[in-house]
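I have placed the structure first, in the form of structure tokens, so that the comments after it can refer back to it.
As a basis for the values below, the full set of heavy atoms in this structure was taken, side chains included, without hydrogen atoms, waters or symmetry mates.
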Amino acid sequence: MPVDTLRAEIARALHSLGVEDAGEIVLERPRNPDHGDWATNVALQLAKPLRKAPRQIAEELVDLLDVQRAGVSAAEIAGPGFINFRLAAEEVQGRLLEIAEADAAFGRSDAGRGEAVNVEFVSANPTGPLHIGHGRQAALGDAISSLLAWTGWKVQREYYYNDAGEQINRLARSTWARYQQEQGREVDFPEDGYQGDYVTDIARELAAAEGDRWADDDSPEALEAMRRFAVRVLMTELERDLDTFRVEFDEFYLESSLYEEGHVESTISRLRESGLVYEKDGALWLRTTEYGDDKDRVMVKSTGHPTYFLPDVAYHVTKWERGFHRAINVQGADHHGTIARVRAGLRALGHPEGYPEYVLHQMVLVIRGGAEVKFSKRAGDYVTLRELFDEVGVDVARYFFLMRRPEAQLTFDLDLALDQSDKNPVYKVQYAHARMCSIARKGGVELDAVDPASADLSLLERDSEIGLIKEIARFPEVIEEAAAQRAPHSVCAYLESLAGMINSWYHEGNDDPSLRVIGVEDDLMRARMVLVRAIRIVLRNGLAVLGVSAPERMEREQAIETAEAAA
RNA sequence: GCGCCAGUAGCUCAGCUGGAUAGAGCAACGGCCUUCUAAGCCGUAGGUCCCAGGUUCGAGUCCUGGCUGGCGCGCCA
């Protein structure tokens, strides 16, 4: 990496200046391109310890720098004492070789060193269809997982099924009531039941499969049959929706297995050993305040039933025991209240502070024509994920869910999502990719076979071309940063800005055909085609990380070509 | 009342964990169709970074105190 050689050279120069320990030498990319490709503030930071003016330090430093050895073409002092470095054109053009060489792996790195990380997300109870909040979470969890995989982590995508709790009982009672109603019986629907039409659908399916055998039957067996049937139907539906949404899990972890395999019991006894457990009012409590929680928490109610808290702790213990010493939970921000207690429970068992890590995301607001869309035909009181992606498509839905920081509320604008122009950021990026493919197609070139070594890359000398190469060469850093921050939205921002640069460069050929890729002399075309290939690689890889497709042609374009062929 | 998250252009949002003149898209205004795709491109305008203090060479970014909005504070899950 050119940055490292530059940093090493600065360190050497500092050493000759008599600076033994300059701390970490910070090299950053200036926002303003006039300030070069890299800049350092060492002179500013050394002003105080050296008791010298920053600009004077900068001058002495630049005199001692071997520009060539640093791999740059110029070092300039600017502003209050920044030193700006400019990369030589050959250095920039040479990056195209790396990009083409790495191809589908360009952007991968190994910060994670193969270490295991568990990413838990969605984890919706099988009590109803997925809603748009789950959609955001599915997209986020999947993209964060991909980012981690791209940066060298061994990732397990995990879904935690709460198939054992009170909510499932509510589902069973709701299904029972709908079933009886289907059988023509007059029964009251439970007050806390699930109101959506889907429960009636399930009851009908059950009636179709098993007839009237449960009519008037309010025995535990009947309720159990309802429970099992409804959960199976809903799990099948959830997994089908997630599959369509292109989210695959490595593990569906069942809450019920925590009881069956004794993890809940063993967690209680291990917590007792911590000395932080006590009884009060007939319930069993854990002194979570010991580890920073607001108040102590009940583990086992006076009824003898555990609260949600206990299996949650037991579950995270299994994560650790299964080898995941790093775990990331993607959750809705409305669940943030559980974080302190779960971590406290885990610390009581000796797990490190800050385990697991959380990515909390805010709610999703769906807007059409400027007004909020709230209701769903099927679920009643919310918009389902399936309704959303059936309408806008999986690519658009995934991208929209990812393009904002998780902790910012997301406004999902259906009008924008359905727009097929560059106003829609998804199309803007996909279009840029399709455009690169289109150039190659029109030029009769197999893009993946374009060989940078056989082209004269020094012909790529326009500002727009140099700028583009610098930008696509930056892609691995973008991925690394996004992974470290658990921030897929920064990949979106990068791709959109890159697509803008690509469009500008492309359209330079509108007025001046000599600036096009096709129709210019062979050497020039070969060099520019290398750039086209490299751009295509970065767009494709970037979209792949987000789980969004990179079409070789856009639908609209296909329609036009089909029409032309017919005429 | 306490806790978490947010507050940046008319709107939706970035801002690389403290850097140089705060950016993008949409909307607005002006220009460009004989194209490697005009569902596009180029340009212009638009700001009390919620407020008040503090930290330092330097603050949208950090610390304190307020204000506004969302969410959460159960022997619910």
Side-chain angles (χ1 to χ4, degrees), chain A residues 26 28-32 34-35 39 41 44-45 47-48 53-54 78-82 84 125 127 162 165-170 192 280-285 294-295 297-309 312 332-340 360-363 365 367 370 403-411 413 416 419-425 427-428 431 434-436 438-443 474 477-478 481-482 484-485 487 489-490 492-494 496-497 500 503-504 506-511 513 515-520 525 528 532 553-554 556-557 560-561:
Chain A
V26 177
E28 57 176 20
R29 297 176 180 281
R31 277 197 272 245
N32 185 338
D34 291 344
H35 296 148
N41 62 353
L44 290 148
Q45 295 196 316
K48 193 171 242 184
F82 289 100
N84 297 333
N125 297 344
T127 55
N162 295 113
E166 178 52 29
Q167 305 219 16
I168 298 295
N169 296 335
R170 273 166 61 189
D192 63 349
K280 194 180 85 179
D281 304 330
L284 200 62
W285 297 67
D294 293 352
K295 49 188 97 170
R297 304 293 170 176
V298 170
M299 301 190 298
V300 182
K301 301 186 244 180
S302 52
T303 60
H305 292 99
T307 61
Y308 184 82
F309 166 56
D312 219 11
D334 52 339
H335 287 94
H336 79 260
T338 63
I339 296 174
L360 298 179
H361 65 87
Q362 290 291 336
M363 303 294 103
L365 199 66
I367 297 282
M403 69 184 178
R404 303 292 179 226
R405 300 154 64 214
E407 57 270 28
Q409 184 174 292
L410 176 71
T411 304
D413 184 339
L416 181 61
D419 187 297
Q420 298 209 356
S421 75
D422 275 7
K423 287 177 197 165
N424 183 336
Y427 285 104
K428 181 175 179 177
Y431 206 117
R435 180 169 274 163
M436 296 305 102
S438 163
I439 291 174
R441 209 159 45 232
K442 295 232 160 115
R474 195 168 76 83
E477 294 164 44
V478 172
E481 179 71 13
Q485 303 295 322
H489 75 277
S490 55
C492 298
Y494 167 79
E496 285 165 45
S497 133
N503 285 338
S504 300
Y506 174 87
H507 284 286
E508 285 171 23
N510 279 1
D511 300 329
L515 300 179
R516 295 178 192 173
V517 178
I518 301 172
V520 296
M525 172 176 133
R528 288 178 182 164
V532 169
R553 57 182 78 199
M554 300 300 278
R556 186 179 66 83
E557 178 193 19
I560 291 168
E561 287 183 9

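Contact between A:Val532 and A:Met436 at its shortest, heavy atoms only, is CG1-O, 3.5 Å. Closest heavy-atom contact between A:Ala283 and A:Ser302: CB-N, 3.9 Å. Annotation for A:Val520 and A:Arg528: closest pair CG1-NH1, 3.9 Å, computed over non-hydrogen atoms. Annotation for A:Arg553 and A:Ala434: closest pair CA-CB, 3.8 Å, computed over non-hydrogen atoms. When every heavy atom of A:Gln409 is checked against every heavy atom of A:Met363, the shortest pair comes out as CG-O, 3.5 Å.
Counting any heavy atom pair closer than 4.0 Å across all strands shown, A:Asp413 reaches no nucleic acid atom. If you check every strand for non-hydrogen atoms under 4.0 Å, A:Arg435 touches sugar and phosphate atoms only. Contacts of A:Ala340 with the nucleic acid, taken as non-hydrogen atoms under 4.0 Å apart, are absent. No contact: A:His305 has no heavy atom under 4.0 Å from any strand. Within the 4.0 angstrom heavy-atom criterion, base atoms lie near A:Asn84.
For A:His507, the side-chain atoms get nearest to B:G40 when compared with the rest of B:G40, B:C5, B:A77. Taking only side-chain atoms of A:His489, from C-beta outward, the nucleotide of B:A77, B:G72, B:G15 with the closest atom is B:G15. Proximity note for A:Gln485 (side chain, C-beta onward) versus B:A14, B:U17, B:U37: the nearest is B:U17. Of the candidates B:C75, B:A77, B:G19, the closest approach to any side-chain atom of A:Asn41 belongs to B:G19. Set against B:C71, B:A77, B:A20, the side chain of A:Pro30 has B:A20 as its closest nucleotide. Here the side chain of A:Tyr308 is nearest to one of B:C5, B:C41, B:A77, namely B:A77. In the set B:G19, B:G72, B:C75, the nucleotide with an atom closest to the side chain of A:Glu28 is B:G19.
Mapped onto RNA chain B by nearest heavy atom, A:Asp419 and A:Arg170 fall at different nucleotides, with A:Asp419 at the one closer to the 5' end.
Under the Watson-Crick and G-U wobble criteria, each requiring two contacts below 3.5 Å, nucleotide B:C4 is paired to B:G70. Applying the Watson-Crick and G-U wobble criteria (two distances, each under 3.5 Å), B:A14 pairs with nothing in any strand. Base pairing annotation: B:G53 forms a Watson-Crick or G-U wobble pair with B:C63, both donor-acceptor distances under 3.5 Å. Base-pair partner of B:U44: B:A28 (Watson-Crick or G-U wobble, both distances under 3.5 Å).
Between A:Phe309 atom CZ and B:G72 atom C1' there is a gap of 17 Å when expressed in whole angstrom units. Separating the NE2 atom of A:His35 from the C1' atom of B:U21 is a distance of 8 Å, rounded to the nearest angstrom. Between the CD atom of A:Glu166 and the C1' atom of B:C75 there is a distance of 13 Å, rounded to whole Å. One interatomic measurement links the two molecules: NE2 of A:His336 to P of B:C2, which rounds to 15 Å at whole-angstrom precision. Remark: C1' of B:G72 and CD of A:Gln362 are 11 Å apart, rounded to the nearest angstrom. As rounded to whole Å, 15 Å separates atom P of B:G74 from atom CG of A:Asp281. Remark: C1' of B:C76 and CD of A:Gln167 are 8 Å apart, rounded to the nearest angstrom. Here B:U17 presents its P atom at 12 Å from CD of A:Glu477, a figure rounded to the nearest Å.
A distance of about 34 Å separates the P atoms of B:A6 and B:G43, rounded to the whole Å. Rounded to a whole angstrom, the distance from the C1' atom of B:C13 to that of B:C29 is 23 Å. B:C33 and B:G15 are spaced 37 Å apart, taking the C1' atom of each and rounding to whole Å. Of the P atoms belonging to B:U64 and B:C2, the separation is 15 Å, rounded to the nearest Å. Spacing of P atoms, B:G69 relative to B:A28, comes out at 31 Å, to the nearest Å. Distance noted for atom P between B:C49 and B:U61: 10 Å (whole Å). For B:U17 and B:G70, the C1' atoms lie 25 Å apart once the distance is rounded to whole Å. Nucleotides B:A22 and B:C16, compared at atom C1', are 14 Å apart to the nearest Å.
Here A:Asn503 reaches the OP1 or OP2 of B:C41: one of its side-chain N or O atoms lies under 4.0 Å away. Side-chain nitrogen and oxygen atoms of A:Lys295 include at least one within less than 4.0 Å of the OP1 or OP2 phosphate oxygen of B:G74. Distances shown here put every side-chain N or O of A:Tyr431 at or beyond 4.0 Å from the OP1 or OP2 atom of B:U37. For the OP1/OP2 pair of B:C4 and a distance below 4.0 Å, the side-chain nitrogens and oxygens of A:His335 include no atom meeting the criterion. Between A:Ser490 and B:C16 there is no side-chain polar atom (N or O) within less than 4.0 angstrom of OP1 or OP2. Close to B:G74, at under 4.0 Å from its OP1 or OP2, lies no side-chain N or O of A:Thr307.
No side-chain donor-acceptor contact under 3.5 Å links A:Asn41 to the backbone of A:Phe82. Here the side chain of A:His507 pairs no donor or acceptor atom with the backbone of A:Ser504 at under 3.5 angstrom. When atom types are taken as modelled, the side chain of A:Thr307 and the backbone of A:Val298 share a donor-acceptor pair closer than 3.5 angstrom. A donor-acceptor pair is defined here as one N or O able to donate and one able to accept, closer than 3.5 Å; such a pair exists between the side chain of A:Arg170 and the backbone of A:Asp192. A distance-only check finds a donor-acceptor pair linking the side chain of A:Trp285 to the backbone of A:Lys280 [under 3.5 Å].
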N/O contacts under 3.5 Å, protein versus nucleotides 25-27 of chain B?
| unit_1 | atom_1 | unit_2 | atom_2 | d |
| --- | --- | --- | --- | --- |
| B:A27 | OP1 | A:Lys423 | NZ | 3.2 |

I'd like a table of atom pairs between the protein and nucleotides 11-13 of chain B - only N or O on both sides, under 3.5 Å - with the distance next to each one.
| unit_1 | atom_1 | unit_2 | atom_2 | d |
| --- | --- | --- | --- | --- |
| B:U12 | O2' | A:Arg404 | NH2 | 2.9 |
| B:C13 | OP1 | A:Gln409 | O | 2.9 |
| B:C13 | O2' | A:Arg404 | NH1 | 3.0 |

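With values rounded to the nearest 0.5 angstrom, A:Lys423 atom NZ is found 9.0 Å from A:Leu416 atom CG. We find the CG-CG distance between A:Asp413 and A:Leu365 to be 10.5 Å, quoted to the nearest 0.5 Å.
B:G19 has no base stacking with the ring of A:Phe82 when judged by centroids under 5.5 angstrom apart and an interplanar angle below 30°.
For B:U68, the base is anti relative to its sugar; the glycosidic angle deviates from 0 by more than 90°. With a glycosidic angle no more than 90° from 0, B:C33 adopts the syn conformation.
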Report task. Starting from the C-alpha separation in whole Å, work towards a yes-or-no answer on side-chain contact (heavy atoms from CB on, under 4.5 Å) for A:Arg405 and A:His489. Result -> CA-CA 6 Å; A:Arg405 300 154 64 214; A:His489 75 277; 3.2 Å; yes
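Under 3.5 Å, the side chains of A:Ser421 and A:Asp419 contain a donor-acceptor pair of N or O atoms.
No hydrogens or angles were tested; on distance alone, a donor-acceptor pair under 3.5 Å links the side chain of A:Ser302 to the base of B:C75.
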